> 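Okay, here's the structure, questions in a sec.
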Amino acid sequence: MPRYRRAPDIVATTLDDGTFLVDPATQDIFHLDALGGGVWNALADPESRDDLLALLREAFPDIDPAVVAADLDALLADLSARGLVAVA
């Protein structure tokens with residue numbers, strides 16, 4: 001099973017309204033909501049999608065598991081497409 005990891009040069013800053021990622025190569029800034037910031041924090045070490053999903057389901061127990069899974073998949077696809085995370 002693939003494991004995801006943070007791209008090495010991305011700079012992250014967490015503020016009250018989310019986590020902001022800066023790609024130093026392009027100076028692009030990306031905003032992550034609570035779910036995205038939690039995933040980013042979890043990716044301090046490489047993690048599988050299933051491990052991330054279990055973590056999110058524990059953090060958001062009142063949200064439909066199918067919604068959490070769909071949000072996670074969309075987030076991983078977006079972060080991967082932008083080069084912010086990679087498969088380890």
Side-chain angles (χ1 to χ4, degrees):
M1 175 167 288
R3 297 173 75 77
Y4 293 88
R5 63 171 177 80
R6 296 176 185 175
D9 296 332
I10 303 302
V11 177
T13 302
T14 300
L15 301 172
D16 290 339
D17 57 348
T19 299
F20 294 85
L21 307 179
V22 178
D23 182 345
T26 63
Q27 295 298 304
D28 288 339
I29 299 172
F30 305 94
H31 176 257
L32 300 176
D33 61 10
L35 183 138
V39 169
W40 183 261
N41 289 336
L43 292 174
D45 295 312
E47 296 287 348
S48 71
R49 177 207 177 265
D50 289 346
D51 290 339
L52 292 169
L53 183 57
L55 176 72
L56 291 174
R57 289 187 63 197
E58 184 177 317
F60 299 100
D62 297 332
I63 305 297
D64 180 348
V67 171
V68 175
D71 287 351
L72 175 61
D73 290 341
L75 175 65
L76 290 174
D78 187 39
L79 292 176
S80 295
R82 295 175 187 269
L84 300 170
V85 301
V87 176

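Values in this document were obtained by computation on a predicted structure and should not be read as measured data.
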> A side-chain contact here means heavy atoms from C-beta on lying under 4.5 Å apart; do L75 and L32 qualify?
yes

> Evaluate the side-chain proximity of V68 to L53: yes if any heavy-atom separation is below 4.5 Å, no if none is.
yes

> Carefully, step by step, assess R5 and V87 under the rule side-chain contact (heavy atoms from CB on, under 4.5 Å).
CA-CA 6 Å; R5 63 171 177 80; V87 176; over 6 Å; no

> Quick one: does H31's side chain have a donor or acceptor within less than 3.5 Å of a partner on D17's backbone?
yes

> Linking I/L/V/M/F/W/Y whenever their side-chain heavy atoms sit closer than 4.5 Å, directly or via other members, would I29 and L84 fall into one cluster?
no

> Got a second to check how far D71's CG is from L56's CG, nearest 0.5 Å?
9.0 Å

> Using side-chain heavy atoms (C-beta onward) and a distance below 4.5 Å, is L72 in contact with V39?
yes

> Decide yes or no on side-chain contact (heavy atoms from CB on, under 4.5 Å) for T13 and L15, but give the supporting numbers first.
CA-CA 7 Å; T13 302; L15 301 172; 4.2 Å; yes

> Hey, are the side chains of Y4 and L79 touching, using non-hydrogen atoms and a 4.5 Å cut-off?
no

> Identify the heavy atoms of G83 and A7 that sit nearest to each other, and give their distance.
O-CB, 3.3 Å

> Indicate the atoms forming the closest heavy-atom contact of T19 with A12, along with that distance.
CG2-CB, 4.4 Å

> Please report the closest heavy-atom contact between M1 and S48, naming both atoms and the distance.
SD-CB, 3.7 Å

> Report yes if some heavy atom in the side chain of L21 is under 4.5 Å from a heavy atom in the side chain of D23; otherwise report no.
no

> Within the 4.5 Å heavy-atom criterion, are W40 and V85 side-chain neighbours or not?
yes

> Test of understanding: clusters of I, L, V, M, F, W, Y form through side-chain heavy atoms closer than 4.5 Å, transitively. Do F30 and V22 belong to the same one?
no

> Do L55 and E47 have side chains that approach each other closer than 4.5 Å (heavy atoms only, starting at C-beta)?
no

> What distance do D62 atom CG and R57 atom CZ have between them, rounded to the nearest 0.5 Å?
12.5 Å

> Please name all residues satisfying salt bridge (Lys or Arg N to Asp or Glu O under 4.0 Å) with R82, sequence neighbours left out, ordered by chain then number.
D78

> Using a 4.5 Å cut-off on heavy atoms from C-beta on, say whether the side chain of R49 contacts that of L76.
yes

